[in-house]
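Below is one structure, written out as structure tokens; comments come after it.
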Amino acid sequence: MIKPLHDITPLWHSQPLSRVAGLPVHLKVEALQPIGSFKIRGVGRLCSLAAARGARRFVSSSGGNAGIATAYAGCRLGIPVSVFTFANVPKAAVARMREFGADVVEAGATWDAAHQAANHLAETENAVYIHPFDHPDLWQGHSTLIDELVDVGYVPDVLVCSVGGGGLLTGIIQGLARHNLHPHIIIVETHNTASLKASLEAGRLVRFDLKPSVAKTLAASQVAEQAFISARDYGVEPIAVSDQEALDACRQFALDHRLLVEPSAGAALAVAYERLGSLPNHQRALIVVCGGAGISLKQDIFDY
Ligand SMILES: *Cc1c(COP(=O)(O)O)cnc(C)c1O
């Protein structure tokens, strides 16, 4: 039995969002995880299982929440962590990883460079690569989010979550299958990071031409193959929002719920604020507030 490194998060009924959407809206508040995002669910499980199998070192390829989650998990488990980051990773994120004792090195311009460096270290130094979105143990950890809904007897008709590489979505779909639940799922990306939407529209896994977006943690040029297959077979509805909509939603959410979340969570919240009201036949909506450390008062979400 593996002891989870994540917390059970609150399920809030949102009065402001319910009023705007015209239906009961609940929030799974992953922003209240100890590291500020859901990532610790999957990363925690992946690291704990690897530790139980004798892992001596973890390596991550993320300049964001997955790197922070790996640093945190390594700190809790007493296992050293190396994180490869890439250009334009926020200093605050690197500082957080170092706070948990991780060794942080910039590997190149893009995530692909960090991914390669991490793979290389895993091969040469016998470290375990903690992939940010593509591993079965990771998905199993993310799926605990659904177990927690079932534990409190809450079942949504529509579930909204944002997608980067698709790890969260894959875990959610697996959790739903375990409990034989089949809500409508809306997956949200920003226009500039809409790689899963592009693959679903093409009918096959494609590489998306990423452009800069405020939703940095949604920027994966290609989702995990399993994420594409799960999303296609489940029949999720893809929606893309603008950066401005994601930022507006972060700001409104901070005013409504006194909680600052990063734009990747703002993307899912934007759908709740702007579009749920126009969906037919939905009784109960759940928004996964994925959270994220990539936000500060300096992001100017109150000033633009
Ligand atoms: C990683 C992350 C995402 C995207 O999750 P994927 O599993 O890559 O789809 C969204 N929001 C936050 C806050 C994240 O850390």
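Computed from heavy atoms alone, side chains included, the values below leave out hydrogens, waters and symmetry copies. Predicted, not measured: the structure shown is a model, and the values here were computed from it. In each ligand, atom 1 is the first atom listed, and ligand 1 is the first ligand listed.
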Determine whether Ile172 and Ile146 make a side-chain contact, defined as any pair of heavy atoms from C-beta on separated by less than 4.5 Å. yes
I want to check something: taking the side chain as every heavy atom from C-beta on, are Thr170 and Leu138 in contact at a cut-off of under 4.5 Å? no
Could you go step by step and tell me if His257 and Ser14 meet the side-chain hydrogen bond (donor to acceptor under 3.5 Å, both in side chains) rule? CA-CA 8 Å; His257 286 286; Ser14 172; 2.8 Å; yes
Is Glu237 paired with Arg275 through a side-chain N to carboxylate O contact shorter than 4.0 Å? no
Using a 4.0 Å cutoff against the non-hydrogen atoms of [X], which atoms of ligand 1 qualify?
{"X": "Gly291", "result": "13 (C)"}
{"X": "Asn65", "result": "12 (C), 13 (C), 14 (C), 15 (O)"}
{"X": "Gly165", "result": "6 (P), 8 (O), 9 (O)"}
{"X": "Gly167", "result": "6 (P), 7 (O), 9 (O)"}
{"X": "Ser264", "result": "11 (N), 12 (C), 13 (C)"}
{"X": "Cys290", "result": "10 (C), 11 (N), 12 (C), 13 (C)"}
{"X": "Gly292", "result": "13 (C)"}
{"X": "Gly166", "result": "6 (P), 7 (O), 8 (O), 9 (O)"}

[atom]: which protein heavy atom is closest, and how many Å away?
{"atom": "atom 10 (C) of ligand 1", "result": "Leu218 CD2, 3.6 Å"}
{"atom": "atom 5 (O) of ligand 1", "result": "Phe38 CZ, 3.4 Å"}
{"atom": "atom 4 (C) of ligand 1", "result": "Gly164 N, 3.5 Å"}

For Gln244 and Ser242, does a side-chain donor sit closer than 3.5 Å to a side-chain acceptor? no
Please determine whether side-chain hydrogen bond (donor to acceptor under 3.5 Å, both in side chains) holds for the pair Gln252 and Asp256, giving the CA-CA distance in whole Å, both sets of side-chain angles, and the decisive distance to 0.1 Å. CA-CA 6 Å; Gln252 192 57 47; Asp256 286 342; 3.2 Å; yes
If we ignore hydrogens and angles and just use 3.5 Å, is the side chain of Trp139 paired with the main-chain N or O of Phe133 as donor and acceptor? yes
Measuring from atom 1 (C) of ligand 1, which candidate in Lys39, Glu262, His142 has the nearest non-hydrogen atom? Lys39
Pair Thr193, Glu189 - check side-chain hydrogen bond (donor to acceptor under 3.5 Å, both in side chains), show working. CA-CA 6 Å; Thr193 65; Glu189 299 166 302; 5.7 Å; no
Ligand 1 contacted by Leu169 (non-hydrogen, < 4.0 Å): no
Looking at Thr85 and Gly63, what are the two nearest heavy atoms and their distance? CG2-CA, 3.9 Å
